[in-house]
Engineer: 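The following block contains the structure, expressed as structure tokens.
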Amino acid sequence: MTQQLAVAPASGRTATTPGTAAAPTTAPGPAGPTGPAAPLGTATLGTAGLVTVLLGAFLPMLDFFIVNVALPTVGHDLAAGPAVLELIAAGYGIAFAVLLVLGGRLGDSYGRRRLFVTGAVAFALTSLACGLAPDAWSLVAARAAQGASAALLIPQVLGTITAATEGARRGRALSVYGAVGGIAVVIGQVLGGMLVAADLFGTGWRSVFLLNTPFALLAVVLAARYVPESRATTAARVDVPGTALLTATLLSLLIPLMEGRAAGWPLWSWVLLALFPVLAIAFTAVERRAERRGDTPLLPPSLLRIPEMRRGLGIALPYFAGFGGFMFVIAVALQQGLRLGPVAAGWALVPMAVGYFSASLSGPRLIGRWGSRVLSAGAVVQATGLATLALTVLADWSHLSPLRMAPGVALAGIGQGLIGTPLFRVVLSKVPAARAGVGSGVLATGQQSSLALGVATLGTLYLSLSPVLGMDRALALCLGVQLLGSFTVLYLTTRLPRSIG
């Protein structure tokens with residue numbers, strides 16, 4: 001689900017250190033095409049270098065999924081209420097979202113290997129801070145910092161692959177990169193539960209975070225030896241006002257949605273919600289002004305005039321919001337409602353992960369034959385899975401088990417894979433090559449923002465209704481809301497052109 005997280009280079013040309021290459025970066029991959037580059041030599045990213053950058057991509061992807069399974073245990077150990085758990089889950093995504101494009105542009109300017117190493121070191125340290133957090137609010141802060149470090153790390157992966165490989169080797173590298181997301185889903189669900197249950201050296205849930213540190217540091221050591229340096233010769237300037245306003249806009253919406261219910265909807269929550277449209281309008285105005293001046297805004301408004309981009313963002317919002325909310329709600333429902341242990345809760349979602357992974361592998365081939373119909377089919381399959389799961393929950397909640405959930409979650413996973421994997425390629429198909437990196441960044445930012453919004457909205461809905469309706473009906477209602485999102489995705493996919501270039 002998160003293999004689309006990378007932001008491609010946003011600049012015009014890519015340079016490498018002596019002896020390295022900058023192959024043309026217009027080949028589409030799992031995360032969509034990247035920005036154009038001028039070839040300057042021979043590709044030099046070897047197998048060891050590819051493994052290194054993929055390790056750097058795998059860790060942040062894994063962290064999204066592995067943490068969800070551990071959340072109920074975190075809440076018990078740190079006496080954290082459900083609203084704080086929402087912040088732990090969504091804070092990572094918020095920081096990731098607002099800094100993703102910034103991380104890509106810093107890599108363009110200062111060197112992608114340098115920013116990869118910086119991001120990996122920061123990810124190791126912030127993961128350590130998460131694992132050693134003495135209280136819930138310290139963990140919230142550390143998770144936000146961890147998301148920021150991931151935003152430095154992830155964009156350099158695809159940028160390095162496209163700058164330092166070419167031809168068939170690049171195609172294979174991008175295919176493997178796409179599969180990494182599916183692998184992270186599968187491993188994250190099971191490994192998270194196993195680590196919490198194993199209580200290694202008495203660390204409990206903390207091992208979920210501490211595990212990142214040695215592997216991130218290993219990526220640092222390997223990158224210094226095996227990853228070539230590359231940078232853009234004409235990198236876009238950082239849009240500081242746009243980044244600050246986007247951060248403020250997202251926080252003014254998400255913080256009251258997550259914390260307002262638990263706090264009894266105090267005045268500050270309504271003030272923040274009232275500020276949201278004001279900040280959103282100010283952000284739009286600043287971005288339009290920057291584009292008129294010839295600068296490169298964080299989210300260029302002109303891209304929204306491209307129908308495929310505009311409709312693609314419409315697809316991304318319900319799709320990713322539904323997924324982010326589902327992962328949070330199902331983790332709470334299984335462990336606090338059904339009293340399943342973390343291992344059983346992790347295994348309950350493996351059919352979804354396997355279904356997503358399998359569909360991801362076949363997605364590029366299906367798109368080549370059936371075009372955007374693949375996304376429409378994915379929306380139908382996902383809706384069928386969600387409806388099946390909701391009916392299973394309502395039929396016999398007291399005897400609900402991972403085995404009984406398997407048909408519904410497997411169908412939902414297959415549908416998600418058929419939508420998520422081709423989405424970037426479909427949406428960016430009409431974006432000019434010179435702006436493909438920026439377009440990829442816009443969609444990736446929308447993805448992460450939607451994931452955080454899903455946790456805030458569906459999570460709050462479930463937590464508000466479960467004491468009144470019961471956990472089974474509250475869960476079924478949330479699945480119904482996500483089902484409506486699937487129908488929205490289905491409608492929007494019918495507005496896309498059938499043939500995808």
Engineer: Under the 3.5 angstrom rule, does the side chain of S252 hit a backbone N or O of T249 as a donor-acceptor pair?
Structural biologist: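 Checked: pair present.
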
Engineer: Of all the heavy-atom pairs spanning L139 and C130, show the shortest one and how long it is.
Structural biologist: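 It is CD1-O, 3.6 Å.
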
Engineer: Less than 4.5 Å apart, side chain to side chain, heavy atoms only: is that true for L418 and L375?
Structural biologist: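 A side-chain contact is absent here, since even the closest heavy-atom pair is not under 4.5 Å.
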
Engineer: For residues A150 and P155, report the shortest heavy-atom separation together with the two atoms involved.
Structural biologist: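 Shortest heavy-atom contact: O-CD, 4.0 Å.
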
Engineer: Measure across L389 and V409 and return the closest heavy-atom pair with its distance rounded to 0.1 Å.
Structural biologist: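 It is CD2-CG1, 3.8 Å.
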
Engineer: Please step through side-chain contact (heavy atoms from CB on, under 4.5 Å) for the pair M405 and I330, ending with a clear verdict.
Structural biologist: CA-CA 11 Å; M405 293 172 57; I330 202 70; 4.2 Å; yes

Engineer: Any donor-acceptor pair under 3.5 Å linking the side chain of E291 with the backbone of P300?
Structural biologist: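 Such a contact is absent between E291 side chain and P300 backbone.
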
Engineer: Does a side-chain heavy-atom distance below 4.5 Å link L317 with L453?
Structural biologist: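 SC-SC contact between L317 and L453 confirmed.
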
Engineer: When rounded to the nearest 0.5 angstrom, what distance separates CG in L483 from SG in C478?
Structural biologist: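 Answer for the CG-SG pair, L483 versus C478, is 12.5 Å.
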
Engineer: Of the non-hydrogen atoms in P301 and R288, which two are nearest, and what is the gap between them?
Structural biologist: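 Scanning both residues completely, I find the closest heavy atoms to be CG-CG, 3.6 Å.
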
Engineer: Are any of the side-chain heavy atoms of Y319 and S450 separated by less than 4.5 Å?
Structural biologist: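 No. Closest side-chain heavy atoms not under 4.5 Å.
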
Engineer: What's the verdict on side-chain contact (heavy atoms from CB on, under 4.5 Å) for Y462 and L477, showing C-alpha distance, side-chain angles and the deciding distance?
Structural biologist: CA-CA 8 Å; Y462 176 78; L477 182 59; over 6 Å; no

Engineer: Side chains of V481 and L458: does their closest heavy-atom pair fall under 4.5 Å?
Structural biologist: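 A side-chain contact exists here, since the closest heavy-atom pair is under 4.5 Å.
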
Engineer: Main chain of L152, side chain of Q156: is a donor-acceptor contact present, judged purely on distance under 3.5 Å?
Structural biologist: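 Checking the backbone N and O of L152 against the side chain of Q156, a donor-acceptor pair under 3.5 Å is found.
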
Engineer: Salt bridge or not for R404 and D396, using N-O below 4.0 Å?
Structural biologist: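 The answer is yes: the pair qualifies as a salt bridge.
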
Engineer: Any side-chain heavy atom of Q335 sitting closer than 4.5 Å to one from L71?
Structural biologist: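 Heavy-atom side-chain distance check fails, nothing below 4.5 Å.
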
Engineer: So does W265 have more than 12 non-hydrogen atoms from other groups sitting under 6.0 Å from CH2?
Structural biologist: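 Yes, because the 6.0 Å sphere around CH2 of W265 holds more than 12 heavy atoms from other groups.
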
Engineer: Show the numbers, then the answer: is there a side-chain contact (heavy atoms from CB on, under 4.5 Å) between L191 and L211?
Structural biologist: CA-CA 11 Å; L191 183 60; L211 177 72; 3.8 Å; yes

Engineer: Tell me whether S486 contacts the main-chain N or O of Q382 through its side chain, where contact means a donor paired with an acceptor under 3.5 Å.
Structural biologist: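 Checked: no pair found.
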
Engineer: Measure the spacing between CG of D63 and OH of Y92 and express it to the nearest 0.5 Å.
Structural biologist: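 It is 4.5 Å, given to the nearest 0.5 Å.
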
Engineer: Is a donor on one side and an acceptor on the other found under 3.5 Å between the side chain of R311 and the backbone of R495?
Structural biologist: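 Judged by distance alone, yes, a pair lies under 3.5 Å.
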
Engineer: Do E86 side-chain atoms and T460 backbone N/O form a donor-acceptor pair below 3.5 Å?
Structural biologist: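 Yes; at least one donor-acceptor contact below 3.5 Å.
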
Engineer: Using 0.5 Å steps for rounding, measure from the OG atom of S269 to the CG atom of L257.
Structural biologist: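 Separation between the atoms: 9.5 Å.
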
Engineer: Rounded to the nearest 0.5 Å, what separates atom OG1 in T203 from atom CG in L132?
Structural biologist: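 Going from OG1 on T203 over to CG on L132, the span is 10.5 Å.
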
Engineer: Can you give me the closest heavy-atom contact between P266 and G260, atom names plus distance?
Structural biologist: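 Nearest heavy atoms, P266 then G260: CD-O, 4.1 Å.
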
Engineer: Is the side chain of R473 donor-acceptor paired with the backbone N or O of V468 at a distance under 3.5 Å, no angle test?
Structural biologist: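 No; judged by distance alone, with no hydrogens or angles, the pair does not exist.
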
Engineer: Ignoring hydrogens and angles, tell me if any N or O in the side chain of T213 forms a donor-acceptor pair with the backbone of A124 under 3.5 Å.
Structural biologist: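 Present.
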
Engineer: Given 3.5 Å as the limit, does a donor-acceptor pair link the side chain of E287 with the main chain of L298, or not?
Structural biologist: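 Between the backbone of L298 and the side chain of E287 there is a qualifying donor-acceptor contact (under 3.5 Å).
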
Engineer: With no hydrogens and no angle check, is any side-chain donor or acceptor of R143 less than 3.5 Å from a backbone partner on I88?
Structural biologist: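 Here the side-chain-to-backbone pair exists.
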
Engineer: What's the separation between atom CG in L245 and atom CD1 in I281, rounded to the nearest 0.5 Å?
Structural biologist: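 Interatomic distance, L245 CG to I281 CD1, rounded to 0.5 Å: 12.0 Å.
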
Engineer: Out of curiosity, L250 CG to F276 CZ, how far, rounded to the nearest 0.5 Å?
Structural biologist: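 Nearest 0.5 Å value for the CG-CZ distance: 7.5 Å.
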
Engineer: When you compare the side chain of L87 with that of W137, does any pair of heavy atoms fall below 4.5 Å?
Structural biologist: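 Counting from C-beta outward, W137 and L87 do come under 4.5 Å.
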
Engineer: Where do P72 and V332 come nearest, in terms of heavy atoms and distance?
Structural biologist: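 In terms of heavy atoms, the two residues are closest at CG-CA, 4.4 Å.
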
Engineer: Using a 4.5 Å cut-off on heavy atoms from C-beta on, say whether the side chain of L100 contacts that of F96.
Structural biologist: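 Side-chain contact under 4.5 Å: yes.
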
Engineer: Would you say the side chain of F209 lies within less than 4.5 Å of the side chain of I66, judging by non-hydrogen atoms?
Structural biologist: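 Result no, sub-4.5 Å side-chain heavy-atom pair not found.
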
Engineer: Could you walk me through whether L153 and F116 pass side-chain contact (heavy atoms from CB on, under 4.5 Å), step by step?
Structural biologist: CA-CA 5 Å; L153 174 61; F116 180 92; 3.5 Å; yes

